[in-house]
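Order of listing sets the numbers, starting from 1, for every ligand and every atom in it.
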Amino acid sequence: MRTKVIAANWKMYKTPDQTRDFFRDFLPLVSDHTRDEIVVCPPFLDLPAALESAKGSNVAVGAQNVHWKEEGAFTGETSVVQLVALGIHHVIIGHSERRQYFGETDDTVNLRLKTALEAGFTPICCVGEVLEEREAGATDDVLRRQCTRAFHSISAKKAAKLVVAYEPVWAIGTGKTATPEIAAEAHAVIRHEASRIFGEEFASNLRILYGGSVKPENASALMGQEEIDGALVGGASLDAKSFAAIVKY
Ligand code: PGA
């Protein structure tokens, strides 16, 4: 049995005060929840407030990105060393918004992923096709390419904590969710690729999350698929009640 991960991606939303308010409302709603791992990934600026608020709770706090160098002249970037100093051990890598708007490539995803794994983080590595790729029947190829490049020269041993998120770009923030069957099919492709690269045993333990317009109303149908090992939730994670309802699907 793979323990599910329900992760919140807050993107560029909330101030430190709003972060504290969220945790004040959210923690009591999930305090008895032991079935799944819960992770909240706020903007960098909110990490101290989130960590302080979540201290001693069953909710982990993660970052939304990490650079591959320990330090250096990289304006606007954040290193593993800096995140570890705060007490962060989870990080989202290769989100489609990074790929679409900030020039993230399969190669930079690979660099970030290697560094995060090396530092003992639990990375949530995002892959997913855009609408034109799905319509052209290229989804499986895209997922295979993204996985192959992201996992390049990483050993199964090093990758032990890896979590993958399948996020079809056409479903992110659009209200269009992949049907549980579409998601399960894509997850199977990713698991197959992981098996080819890291071996069968690794692949059977790999947690693959679904992301893209997950809401309280569709969480249980998605999570009911054997292939789906949790969710990466954007919009619906900003509200404590709504995210708690997803956690408790
Ligand atoms: P969404 O975002 O839930 O708002 O569609 C998901 C994500 O981008 O991780």
- Message: Working to the nearest 0.5 angstrom, can you tell me the gap between E129 CD and R134 CZ?
- Response: 4.5 Å

- Message: Can you see whether E104 engages T108 through a side-chain donor-acceptor pair at a distance of less than 3.5 angstrom?
- Response: yes

- Item | Under 3.5 Å side-chain donor-acceptor pair for E167 and H95 |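 The criterion, which ignores hydrogens and geometry beyond distance, is satisfied for H95 and E167.
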
- Query: Between H187 and Y166, what is the ring plane arrangement, given parallel below 30°, perpendicular above 60°, and tilted in between?
  - Reply: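 H187 vs Y166 ring planes: perpendicular.
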
- Looking at E77 and K69, does any basic side-chain N land under 4.0 Å from a carboxylate oxygen?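 Judged by the 4.0 Å cut-off on N to carboxylate O distance, E77 and K69 do not form a salt bridge.
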
- Does E52 come within less than 4.0 Å of K55, counting only side-chain N to carboxylate O?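 A salt bridge is absent here (no side-chain N lies under 4.0 Å from a carboxylate O).
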
Dump the pairs for me: ligand 1 N or O, protein N or O, distance under 3.5 Å, to 0.1 Å.
| residue | atom | partner | partner atom | Å |
| --- | --- | --- | --- | --- |
| ligand 1 | 2 (O) | K11 | NZ | 3.2 |
| ligand 1 | 3 (O) | S213 | N | 3.4 |
| ligand 1 | 3 (O) | G234 | N | 2.9 |
| ligand 1 | 4 (O) | G235 | N | 2.9 |
| ligand 1 | 5 (O) | G173 | N | 2.7 |
| ligand 1 | 5 (O) | S213 | N | 2.7 |
| ligand 1 | 8 (O) | K11 | NZ | 2.7 |
| ligand 1 | 8 (O) | H95 | NE2 | 2.7 |
| ligand 1 | 9 (O) | H95 | NE2 | 3.3 |
| ligand 1 | 9 (O) | E167 | OE1 | 3.2 |
| ligand 1 | 9 (O) | E167 | OE2 | 2.7 |

